Structure formats: C-alpha cells, structure tokens
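This is the structure, below, for whatever I ask next.
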Number of protein chains: 2
Amino acid sequence: MEPKAKILFADDEPDILDIIGFNLEKEGYEVITANNGQQAFDLSKIHRPDLIILDIMMPYKTGIEVCNLLRQLPDFRDTPIVILTALNDETSHIKGLDSGADDYISKPISTKILISRINALLRRTQKDNEQKIIRIGDMVIDQNRFIVSLKDKEVSLAKKEFELLSLLAGKPGRVFLRNEILSMVWGTEVIVGDRTIDVHIRKIRQKLGIDCIKTIKGVGYKFEW
Amino acid sequence: MEPKAKILFADDEPDILDIIGFNLEKEGYEVITANNGQQAFDLSKIHRPDLIILDIMMPYKTGIEVCNLLRQLPDFRDTPIVILTALNDETSHIKGLDSGADDYISKPISTKILISRINALLRRTQKDNEQKIIRIGDMVIDQNRFIVSLKDKEVSLAKKEFELLSLLAGKPGRVFLRNEILSMVWGTEVIVGDRTIDVHIRKIRQKLGIDCIKTIKGVGYKFEW
DNA sequence: GGTTAACTTAACAATTTGGTAATCCCGGAT
DNA sequence: ATCCGGGATTACCAAATTGTTAAGTTAACC
C-alpha cells in the first residue's frame with residue numbers, strides 16, 4: 001500500500017521512538033526517525049517529510065531550535081510541525097507554538113489521540129494542495145488526470161509545462177517572481193538557468209494558443225484570463 | 001484597527017463566554033458569541049467567521065454535531081474549528097477530531113495558551129490571504145498583482161515607477177526627501193543622478209494622468225489625493 | 001540498445017526599462 | 001528686466017530583461 005504521508009519523528013528516548021514509530025507505521029505512514037535535534041534537521045532536508053514531530057529535550061538542538069531553523073527554509077515554511085514534550089508549563093507551550101509549530105502536545109499522550117491529531121493536521125494541510133481541478137474561463141486544469149482543456153478541446157502539456165501552468169493558474173492574477181517559480185516548480189536544490197522558465201512559458205503560450213500568461217518585466221509572470 | 005479575524009465562540013456558560021470573549025477581543029479579534037449549538041450554527045451561516053470555537057456540551061446541539069453539520073456546507077469545509085470541552089477522555093477527544101475539527105482543547109485551559117493555539121491555526125489558514133493593497137481615493141495599488149488602477153481603469157507602470165509610486169502612496173501626505181527615495185527605491189549601493197527621480201516622477205504623472213504627486217521644492221515629493 | 005519526448009542550455013533578436021544630459025520653465029531674488 | 005536655483009521635459013542611449021530558435025542532454029519507454 002502506498003504510504004499516506006511521510007513523517008519524521010525525532011526523540012532521544014529510544015523506547016518512545018519505537019512505540020510511537022510503530023504505531024504511526026501501523027496507521028499507514030512512512031516513518032523516518034531521528035535521535036537528536038541536529039539529525040532531525042539534516043534528515044528533514046534530505047527526506048522532505050510531510051509532517052515533522054519534534055521532542056523538545058534533545059541533545060545538540062532542542063525541538064524548538066529545530067522548528068525555528070526549519071521555518072527559515074522556504075521548503076519547510078508550510079510543513080506541519082508538532083512539538084511533543086514532557087514539559088507542560090504555559091511558557092513552553094506558548095513558546096513552542098510561537099516558534100511556528102502547529103501543535104504542541106504534552107506527554108504522556110495516548111497514541112490514539114496523537115495519531116488522531118496528526119490526522120487532523122495532515123487533513124488540513126493536504127487539503128490545500130488538493131485543489132485537483134482548476135477552472136478559469138474556458139480552461140480546465142485537471143491535476144488528477146494531468147489534462148488541460150480549452151473549450152472541451154484537450155491540450156497536451158509536458159510535466160514541467162503542466163506544473164508551471166498549474167502554479168500560475170492556481171492563483172490567477174497574482175504575480176509569481178522568477179525565484180518563486182523556480183522554487184515551487186523546480187525545488188530549491190536544482191539550479192537551472194533563467195532562460196529555462198521563459199522557454200517553458202513560451203511553450204505553454206504556444207500550445208494554448210491564447211495569451212493568458214502576462215509578463216511583468218523585472219518581476220515575474222502572472223496568469224490572467 | 002482593522003480586526004485580525006472574525007471568531008465565533010459558542011459556549012453555554014456565560015462566564016466562560018465573557019472571559020474568553022474578552023481576551024480574544026483584547027487580542028484584536030472580532031468576536032461573535034453563541035449560547036447554544038443551534039445558535040452557533042445559524043450565526044456561522046450569517047457571519048462567516050474565519051474561525052469557530054465550539055463547546056461540546058451545549059443545549060439543542062452539541063459542538064460535535066455542529067461541527068459535523070458545518071463540514072457538510074461548502075462554505076465551511078475549510079474553516080478552522082476548535083472543539084473546547086471539559087470532557088477529557090480519549091474517546092471524546094478522538095471523536096472531536098474525527099468530526100472534522102482542527103483542534104480539541106480540554107478545559108480548564110490557560111487563556112494565553114488558547115489564544116496561542118488559535119493564532120497558530122489562523123497563521124496556517126490565513127497565510128495565503130495576506131493582501132498588500134493600497135487604496136487611496138480612486139486609486140488602487142495591488143502589490144500582489146502588480147497593478148495600479150484608477151476608477152477601474154488599469155494603468156501599466158514599469159517596475160521602478162511602480163515601486164516609487166508604492167513608496168509615496170504608502171504614506172499619503174508624508175514628504176519623502178530625495179535621499180529617502182533613493183535609498184528606498186534604488187538601495188544604498190546603487191548611485192544614480194538626481195534628475196533620475198524627476199524623470200520617473202514625470203513618467204508616473206504622465207501615465208496616471210492626474211496630479212497626485214506634489215513637488216516640495218528643495219525638499220522632495222509627497223503623494224496627495 | 002534505439003527511439004522519442006522532455007528538459008535544459010546557449011546564442012541571438014526584440015523589447016522594455018532605466019539613466020543621463022541638454023534644454024526649457026517657473027518663481028523668487030537682485 | 002535679468003539672473004539664478006531648483007525642477008520639468010524631452011530625446012537619446014545603454015543596460016537589463018525577455019522572446020525565440022535551435023541544438024545539446026537526459027530520461028523514459030518500447
């Protein structure tokens with residue numbers, strides 16, 4: 001079975017790591033474990049989990065520190081982060097949430113509740129990316145079937161073209177800076193030349209045959225019907 | 001000050017309604033209160049709050065029932081819902097979250113923590129809706145779309161012109177010294193001649209067709225509708 | 001493996017934008 | 001009236017940015 005989502009779980013207590021990790025896997029999640037803060041940070045960058053669970057008291061870096069660091073990176077600005085801890089005082093709780101975490105859960109915690117909360121978080125965050133069908137004017141972009149159609153006439157786009165169009169058409173009118181486009185379509189790892197975007201834009205314009213992508217010189221591109 | 005967001009808060013205990021409502025307002029939220037489940041549901045439909053807090057044990061309809069009902073409606077499929085309750089058993093907790101709520105908080109709860117959790121939820125859901133729009137008289141400067149419009153007629157400005165106008169119109173009436181303009185629009189690195197500003201101002205005036213940028217001789221420029 | 005499509009890059013053309021300088025204007029001061 | 005210190009205007013050129021095309025590189029699929 002396809003895993004529902006990839007979860008990184010960081011705790012320095014092996015017992016907890018085992019028990020909760022096991023239960024998460026039983027729930028259908030793919031689990032990556034880390035024993036300390038530094039490792040949690042490094043493994044996150046490598047594996048790009050869909051959700052991150054951080055214990056606070058860990059060697060090398062606390063969960064809060066890791067959370068702050070991750071939130072600096074564009075790739076992790078929206079990743080749901082759960083702080084899991086034995087500390088239950090008000091100050092820690094607030095500090096945890098203010099560091100950009102989405103949930104703060106005090107141990108001991110029933111595994112069922114933990115999983116339920118994780119489901120709730122993923123339900124919300126995956127819903128956002130789940131806008132599977134975009135409709136604007138005569139255009140329909142179906143992200144499930146990978147099809148773009150104009151007045152019921154199907155247009156076939158390549159993968160990158162499709163992703164680029166989906167990004168722009170996903171928020172019509174809004175201008176996307178070139179580096180936003182790069183990081184969203186190509187990711188931050190890959191480095192591609194500047195002309196690459198133009199060329200893809202050109203192909204899209206050509207294939208669509210209509211002028212719905214506007215250039216804002218010196219800034220970026222935007223979709224406009 | 002414009003309220004940060006509209007929150008509907010439903011609880012049948014007047015004391016709690018008062019205390020938490022007061023604190024939410026102090027935090028800058030607009031608060032709508034309901035005394036029972038039915039009212040919570042009806043008022044939600046009328047006011048379209050950005051976030052809904054529901055007590056479970058309420059007359060007419062429990063918080064869970066309201067949550068389920070709201071989630072049926074397309075308008076409330078994405079609205080963050082917090083279940084607030086005195087029940088702290090595992091089953092209720094899970095049932096609450098499974099009904100589509102985003103958070104389940106057990107009373108008693110520190111007001112600060114409650115607000116911190118609400119902030120965290122709104123932070124996530126409102127992130128995309130931040131609009132950088134300047135409106136003055138008939139003019140609208142939309143920094144997301146990179147558009148300036150006058151009486152619904154769109155005016156197209158180049159990047160520097162747009163930045164310059166945004167700067168001036170951002171604080172109408174305030175005089176910007178030539179130095180200030182230089183450092184804010186051009187940065188401190190770049191060195192450009194003094195006439196450059198004039199020329200850009202001229203282009204803006206020309207394109208807008210109206211005289212909303214005043215010259216203060218020997219000082220600088222200011223925007224005035 | 002060979003073929004095809006997709007992706008990226010490079011090179012050049014086309015366009016737009018930004019900056020400068022020369023000149024013109026408009027008060028206020030001489 | 002004339003001069004003078006800004007600023008306004010204009011035209012022009014350089015720089016920056018994007019469009020276009022073609023050719024090289026990968027990756028995917030028989």
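In what follows, every chain begins at residue 1, and chains take the letters A, B, ... in the order their sequences are listed. Computed from a predicted model, the values in this text were never measured in an experiment.
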request  = Compute whether any side-chain donor of one residue and acceptor of the other, for B:Ser149 and B:Glu154, lie under 3.5 angstrom apart.
outcome  = no

message = What is the distance, to the nearest angstrom, from the NZ atom on B:Lys159 to the C1' atom on C:dT16?
response = 13 Å

message = So B:Phe162, base contact, sugar-phosphate only, or nothing? Heavy-atom distance under 4.0 Å.
response = nothing

remark   = When rounded to whole Å, the NZ to C1' distance for the pair A:Lys207 and C:dC7 reads 11 Å

remark   = Closest of D:dT18, C:dT17, C:dT8 to the B:Ala158 side chain is C:dT17

request  = For the side chain of A:Val199, starting at C-beta, report the closest nucleotide among C:dT9, C:dG19, D:dA8.
outcome  = C:dT9

message = Is A:Tyr221 close enough to D:dT17 that one of its side-chain N or O atoms is under 4.0 Å from OP1 or OP2 there?
response = no

inquiry  = For B:Lys214, I'd like to know if atom NZ has over 12 heavy atoms of other residues, nucleotides or ligands within 6.0 Å.
reply    = yes

task = Round to a whole Å and report the spacing from CG of A:Leu177 to P of D:dT17.
result = 13 Å

ask   = Hey, is the side chain of B:Thr215 poking within less than 4.0 Å of OP1 or OP2 on D:dG6, counting only N and O atoms?
value = no

message = Among D:dA8, C:dG19, C:dA11, which nucleotide has an atom closest to any side-chain atom of B:Arg195?
response = D:dA8

query = Whole Å only: how far is the CZ atom of B:Phe176 from the C1' atom of D:dG7?
reply = 20 Å

Sugar-phosphate only, base, or nothing, as touched by B:His200 at under 4.0 Å among non-hydrogen atoms = sugar-phosphate

inquiry  = Taking only side-chain N and O atoms of B:Arg178, does any of them lie within less than 4.0 angstrom of OP1 or OP2 on D:dG6?
reply    = no

request  = Round to a whole Å and report the spacing from CH2 of B:Trp186 to P of D:dA15.
outcome  = 18 Å

key: Rounded distance (Å) that lies between atom P of D:dT21 and atom CG of A:Asp198   = 13 Å

query = Without hydrogens or angle criteria, can the side chains of A:Asp42 and A:Gln38 be said to hold a donor-acceptor pair below 3.5 Å?
reply = yes

query = So, are A:Asp102 and A:Arg71 salt-bridged, with charged N and O less than 4.0 Å apart?
reply = yes

ask   = Could you state the CD-P distance from B:Gln206 to D:dA8, rounded to the nearest angstrom?
value = 13 Å

message = I'd like to know if A:Lys95 pairs up with A:Asp98 as an ion pair, taking the criterion as any Lys NZ or Arg NE/NH1/NH2 lying under 4.0 Å from an Asp or Glu carboxylate oxygen.
response = no

message = Counting the atoms with a prime plus P, OP1 and OP2 as sugar-phosphate, which does A:Thr196 contact under 4.0 Å by heavy atoms, base, sugar-phosphate, or nothing?
response = base

message = If I take atom CD1 in residue B:Ile201 and atom C1' in nucleotide C:dG18, what distance separates them, rounded to the nearest angstrom?
response = 15 Å

query = With nearest nucleotides of DNA chain D determined for B:Asp194 and B:Lys203 from heavy-atom distances, which residue corresponds to the more 5′ nucleotide?
reply = B:Asp194

query = When you measure from the side chain of A:Arg205, which nucleotide among C:dT20, D:dT18, D:dG19 comes out closest?
reply = D:dG19

query = So, does the side chain of A:Lys217 form a donor-acceptor pair with the base of D:dT18 at under 3.5 Å?
reply = no

